[in-house]
Number of protein chains: 2
Amino acid sequence: MARHSNRSTSFDVAALAGVSQSAVSRAFTPGSSIAEETRQKVYEAARKLNYVPNSIASSLTTKRTNIVALIIGNMANPFYSHVLHAFSQKLQEQGRQVLIFTVDPGAESDEAILHVLKYQVDGVILTAAQLSTRMTSMCHDRGIPIVLFNRYIPGSDASGVRCDNAAGGRLIAEAFLAAGAKNFAMITGDPKGSTSQDRVRGFVERLQEEGVRRSDITEVGGQSSYEGAFNAALGIFRDKDRSRPEALFAINDIMAMGAIDALRYRLGLRIPEDLMVAGFDDIPEGRRAPYQLTTVRQPINQMIDATLSILNLDDPSSGIEPGIDQPISGRLIWRNTIPVPAGHRWETGKEEAARADTGSSK
Amino acid sequence: MARHSNRSTSFDVAALAGVSQSAVSRAFTPGSSIAEETRQKVYEAARKLNYVPNSIASSLTTKRTNIVALIIGNMANPFYSHVLHAFSQKLQEQGRQVLIFTVDPGAESDEAILHVLKYQVDGVILTAAQLSTRMTSMCHDRGIPIVLFNRYIPGSDASGVRCDNAAGGRLIAEAFLAAGAKNFAMITGDPKGSTSQDRVRGFVERLQEEGVRRSDITEVGGQSSYEGAFNAALGIFRDKDRSRPEALFAINDIMAMGAIDALRYRLGLRIPEDLMVAGFDDIPEGRRAPYQLTTVRQPINQMIDATLSILNLDDPSSGIEPGIDQPISGRLIWRNTIPVPAGHRWETGKEEAARADTGSSK
DNA sequence: GTGAAAGCGCTAACAG
DNA sequence: CTGTTAGCGCTTTCAC
């Protein structure tokens, strides 16, 4: 049987129901004026023919595909697979679907954008990937709203939604300081990405305010991955020349997990006794028993809502706002990879609180 | 600025280039007969106008959207996020994109299919979700190929690609037996899913062949999730009435990880000394230092290739094959959660071998 | 409330 | 090789 043999159209349904084709269209368009009686006739005919409206065809006239492109640069980091899941769910609830575009981590997504454009998507969300200003303006020109999730292009007119990464970096520095650390190490992510840069910057700034010298802060790249951080950690702590850091900040949780495993299983270090560690993101994986990671929570649901609201999918006539970029602040979640300083009263990151804004958004 | 203000069409390009509109169409259609010179003229005009062909419009005539629907029921299991990533990458290489449909784990995906149909996708891949035979035949009727990934509907005409789960279950049983276990426990997944059922069946069958009584095999549901298995493990091993199992089979790796953490961190058990554990899937996460999970590797790249080949996206005229269902066998990856039986020569699951077919498919 | 008719942006014969 | 001409399946005026 050849494909597309019997895909029935609104004309077929119209014929069967004894109405005009436009009546069929109306029957399936919420809010259009049609008598309940005719609508039922149409529905019955449609059911008989297994008719499903062709939304591709309708988008030709409506100029809306109900498809949102999600460009994602690092599916290996669970943080982003949770983000993807959350977006997909929320969008589905509004009758839209996510079209995925994967790009290599750290790669330019300019080429991807070109493909995105072909599909006439209603909006695009870009996460964990680079993008040139030229591309954002191409989207703007065609009236396609684009928002950078957890990323921004300095000096661009593209909107961005992100956690206040610099402030988060400061929070971690603060925690280390309170716990008495004097020597520090960082495992950084994508050196070109603003996310990693900002976290690093905040962290270092806060440390420097307390008189820590930059030379007392070791810095190694971990490629934003578990494996990369695993090796990076080995590199830092094997090096006998340096005085051993007492505190390690991995700029995201998945790297913190990799570092912790390397430290424990390869180097036999105890955490936090021998070394304190912190991450960033607060992915559910970091909350698990072996890690109990102290971290900064990204307010993911808030960020997603903000993204969707900037996209403003419901009102295509609204036009594109000039880029807005309001960082949302995260908060420190205190678990077990930094010793609680004596006499210090920290907000605890116990599970009651932990559920507040994270994970599934349902 | 209102959206869709200036999306230029092939007519605009044609006018600027001084050719007919069909020439523009040809210029962007690989393999169509057009003079190199005119093609260049068209390209130049297109560039000036920022023209990108509207693939939605073209699909109206070609009957191909270059979109493949992926219905996914359990994004929380890393196995499936790896699967998603792999599909997306491979499909992208062929110039196609993945449209995501998330359904609640274990839920019927019948409603999702209805939405899929609207988008006129070229094919659908269904993973970790239930589907009625009625829906598969609806797809068949309209000539949309559908393949069930790691799932099958007994007695259905839908094609399926899966690991030989029953055989895999037997492999685990075999390993436990070789290591001298006498009492067993299982943590199962979605009770309605064939995947969990088959793994359990193979496991139990093999055990029974060796004279193990069904009553010596404890069975608890773990909801296919880390957390579910964490709690399930606690339930099994807290119960003082039962003689404590010596071997625990979690029917997927993510549950094995949850169980291991519960056992170690809550109950203080050592693995494999106090209890041996095995999983299924061979997700990269299970290879990490804290787990070193003995498991059955799903030949994910083979499975993906098989799926794509059944979908046969390149040849829409071919018609849909009557359901085929050829399980691909997985192999046991021996790591550290089952003690290696003395004198037994097992194929080791060291990393050289581990890279053979798994993870990124690049 | 309903039908007729004109497109949406593109591809696919069909002549030339 | 190139232009002309029909549509693809649907939405949307516009009369009635």
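Each chain gets a letter, A, B and so on, in the order its sequence line appears, and its residues count up from 1.
- With the end axes of the helix from C/dG1-D/dC16 to C/dG16-D/dC1 each set by five pairs, the angle from one to the other reads 30° at 10° resolution.
- Between B/K90 and B/D305 there is a salt bridge, since at least one side-chain N of the basic residue sits less than 4.0 Å from a carboxylate O of the acidic one.
- A/K48 meets the salt bridge (charged side-chain N to carboxylate O under 4.0 Å, His left out) test with A/E44; sequence neighbours excluded.
- First and last contacts of DNA chain C with chain A, using any nucleotide atom under 4.0 Å from a protein heavy atom and ordered 5' to 3', fall at C/dG1 to C/dG9.
- Within the 4.0 Å cut-off from OP1 or OP2 of D/dG9, at least one side-chain nitrogen or oxygen of B/K63 is found.
- Legend: residues meeting ring pair (Phe, Tyr, Trp, His ring centres under 6.0 Å) with A/F11, ordered by chain and number and at least two apart, are absent.
- The aromatic rings of A/F28 and A/Y43 sit tilted relative to each other, their planes meeting at an angle between 30° and 60°.
- Residues meeting the salt bridge (charged side-chain N to carboxylate O under 4.0 Å, His left out) test with A/E108, sequence neighbours left out: none.
- In this structure, A/N50 has no side chain to side chain donor-acceptor pair (under 3.5 Å) partners at least two apart in sequence or on a different chain.
- Within residues 14-35 of chain B, the residues that have a heavy atom under 4.0 Å from DNA chain D are, in order of number, B/V19, B/S20, B/S22, B/A23, B/R26, B/S33, B/I34, B/A35.
- Partners of A/T65 by side-chain contact (heavy atoms from CB on, under 4.5 Å), not counting sequence neighbours, listed by chain and number: A/S59, A/I67, A/Q120, A/D122, B/I56.
- Contacts between residues 46-54 of chain B and DNA chain C, defined by a heavy-atom separation below 4.0 Å, involve B/Y51, B/P53, B/N54, listed by number.
- For the pair B/T38 and D/dC1, the criterion of a side-chain N or O lying under 4.0 Å from OP1 or OP2 is not met.
- With no hydrogens or angles considered, no side-chain donor-acceptor pair links A/Q89 and A/E93 at under 3.5 Å.
- Using a 4.0 Å cut-off between a side-chain N of Lys or Arg and a carboxylate O of Asp or Glu, B/D325 and B/R162 qualify as a salt bridge.
- Residues that satisfy the side chain to side chain donor-acceptor pair (under 3.5 Å) test with B/S20, not counting sequence neighbours, are B/S22.
- For B/N77, the side chain to side chain donor-acceptor pair (under 3.5 Å) test picks out no residue, with sequence neighbours left out.
- Considering only residues two or more places apart in sequence or on other chains, B/E37 meets the side chain to side chain donor-acceptor pair (under 3.5 Å) condition with none of them.
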